[in-house]
Each structure stands twice: as structure tokens, then as C-alpha cells.
Novice: 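Below you'll find the structure I mean.
All figures in this text were calculated on a predicted structure; none of them were measured in a lab.
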Amino acid sequence: MVKVYKIGDYYIAGVEHVIQGYLQDVVFVYRNNNNWVSVSAERFRSNDPSINKVKEAVKYATHEEDLKKAVEELRGSGIKIEEVKEIPFPRKFIEGRKKIQEEFD
């Protein structure tokens with residue numbers, strides 16, 4: 001399972017790829033009223049400068065190590081990000097969608 005991080009009310013996680021260790025996308029998951037919402041880091045918007053700094057650091061991560069390295073660098077710059085062991089949101093938000101391609105002759 002991909003590591004999940006938390007900053008404030010937002011959870012940051014990589015969406016698992018079919019290939020072990022790679023990520024399809026990095027998403028921000030948060031609670032909006034009673035619903036959980038998942039937004040790609042590339043499309044995520046926030047007015048909080050530290051959240052925007054996190055977004056810029058993680059949005060193009062393509063491997064689990066890229067995400068881990070970005071979080072370590074952010075922690076080094078003073079942003080408080082914690083790793084989450086038990087996710088409170090549905091696991092389907094971070095499970096990758098396996099794409100099947102057909103070949104046509």
C-alpha cells in the first residue's frame with residue numbers, strides 16, 4: 001500500500017499503478033461536509049500557502065520514492081506533515097484503475 005500523509009485537514013496519497021512502486025497520480029483527499037472528496041494534486045486549489053507548497057512538491061511524483069522524498073524535503077523546510085497508518089477515507093480513492101487495451105488488426 002502507498003503511504004498516506006496528512007497536513008491539516010487534507011490527506012495526500014499516491015494512486016497505485018499496475019506496476020509495483022509506481023503511481024498513476026497523486027491526490028488530495030478531504031472531507032467536504034459528510035462526503036469524502038478526492039482531487040488530483042494537479043487540479044487541487046487552496047488559499048493556504050503551505051498547502052500550495054506541498055501541492056507543487058508532490059503533484060508530479062511518479063514513483064513512491066518521489067513522493068517520500070518530496071515529503072522529507074517539505075518537512076526539512078518546516079512544514080508539518082505526518083504519516084497516517086489507518087486511513088479514514090474509503091480505500092477506493094487510492095486504488096488504481098487498471099486499464100486494458102485491446103489490439104485491433
Side-chain angles (χ1 to χ4, degrees):
M1 184 172 117
V2 178
K3 292 187 183 202
V4 177
Y5 301 96
K6 182 177 182 190
I7 178 168
D9 294 331
Y10 299 100
Y11 293 88
I12 303 155
V15 177
E16 297 170 330
H17 194 280
V18 176
I19 301 169
Q20 186 69 28
Y22 284 87
L23 305 174
Q24 284 184 5
D25 197 5
V26 177
V27 293
F28 278 77
V29 181
Y30 59 95
R31 207 166 200 27
N32 186 1
N33 297 324
N34 289 332
N35 300 319
W36 286 100
V37 179
S38 174
V39 178
S40 173
E42 292 181 44
R43 288 188 240 119
F44 183 75
R45 301 278 183 254
S46 174
N47 293 330
D48 186 331
S50 61
I51 301 276
N52 283 329
K53 189 173 181 180
V54 171
K55 177 187 102 162
E56 290 302 318
V58 302
K59 71 180 178 181
Y60 295 124
T62 57
H63 196 274
E64 289 178 21
E65 291 301 315
D66 296 341
L67 184 58
K68 186 177 174 182
K69 184 179 175 187
V71 168
E72 287 172 5
E73 288 175 3
L74 289 164
R75 284 179 180 157
S77 69
I79 294 177
K80 187 178 181 237
I81 300 177
E82 58 188 75
E83 189 174 331
V84 178
K85 299 291 183 198
E86 296 292 322
I87 58 173
F89 54 85
R91 180 150 170 70
K92 68 180 182 180
F93 287 130
I94 58 174
E95 288 177 340
R97 292 167 190 76
K98 293 169 177 55
K99 296 181 180 125
I100 300 172
Q101 288 184 316
E102 287 187 37
E103 204 173 295
F104 295 100
D105 291 331

Novice: I would like to know whether Leu67 and Lys3 meet side-chain contact (heavy atoms from CB on, under 4.5 Å); could you show each step before the answer?
Specialist: CA-CA 9 Å; Leu67 184 58; Lys3 292 187 183 202; 5.9 Å; no
Novice: Using every non-hydrogen atom in the two residues, find where Ile7 and Ile79 come nearest and quote the distance to one decimal.
Specialist: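 Looking at all heavy atoms of both residues, the shortest contact is CD1-CG2, 3.5 Å.
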Novice: In terms of the angle between their ring planes, are Phe28 and Tyr10 parallel, tilted or perpendicular, with boundaries placed at 30° and 60°?
Specialist: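 Correct class here is perpendicular.
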Novice: Using residues 30-41 as the side-chain source, report each donor-acceptor pair under 3.5 Å to any protein atom, sequence neighbours left out, with the distance given to one decimal.
Specialist:
residue	atom	partner	partner atom	Å
Ser40	OG	Asp25	OD1	3.3
Ser40	OG	Asp25	OD2	3.0
Ser40	OG	Glu42	N	3.4

Novice: In sequence, state the C-alpha distance, the side-chain angles, and the governing distance for Asp66 and Leu23, and then conclude on side-chain contact (heavy atoms from CB on, under 4.5 Å).
Specialist: CA-CA 10 Å; Asp66 296 341; Leu23 305 174; over 6 Å; no
Novice: With rounding to the nearest 0.5 angstrom, report the CG to CG distance, Asp9 to Asp48.
Specialist: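 The CG atom of Asp48 is 10.0 Å from CG of Asp9, to the nearest 0.5 Å.
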Novice: Salt bridge check: are Glu64 and Lys68 linked by an N-O gap of less than 4.0 Å?
Specialist: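 Salt bridge absent between Glu64 and Lys68.
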Novice: So that I know where these two stand, are Tyr11 and Phe93 an aromatic pair - ring centroids less than 6.0 Å apart?
Specialist: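 Not under 6.0 Å, so no.
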Novice: Which value, rounded to the nearest 0.5 Å, describes the distance between Lys55 atom NZ and Leu74 atom CG?
Specialist: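 It is 13.5 Å, given to the nearest 0.5 Å.
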Novice: Nearest 0.5 Å, please: how far is CD1 in Ile19 from CD in Gln24?
Specialist: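 Rounded to the nearest 0.5 Å, the CD-CD1 separation comes out at 10.0 Å.
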Novice: Atom CZ in Phe89, atom CD1 in Ile94: separation rounded to 0.5 Å?
Specialist: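 Reported value, rounded in 0.5 Å steps: 5.0 Å.
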Novice: Are Tyr22 and Val15 grouped together when hydrophobic residues (ILVMFWY) are joined by side-chain heavy atoms under 4.5 angstrom apart?
Specialist: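 They do not share one cluster, since no chain of ILVMFWY contacts under 4.5 Å joins Tyr22 to Val15.
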Novice: Might you point out which heavy atoms bring Ala57 and Ala70 nearest each other, and give the distance in Å?
Specialist: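 Where Ala57 meets Ala70 most closely, the heavy atoms are O-CB, 3.5 Å.
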Novice: Do you know the tightest heavy-atom contact between Lys53 and Ser77?
Specialist: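 So the two residues come closest at NZ-OG, 3.6 Å.
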Novice: Using a strict cut-off of less than 4.0 Å between a Lys/Arg side-chain nitrogen and an Asp/Glu carboxylate oxygen, indicate whether Arg75 and Glu83 qualify as a salt bridge.
Specialist: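 No, no charged N to carboxylate O under 4.0 Å.
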Novice: Mind checking the NZ-NZ spacing from Lys6 to Lys80? Nearest 0.5 Å is all I need.
Specialist: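 The NZ atom of Lys80 is 9.0 Å from NZ of Lys6, to the nearest 0.5 Å.
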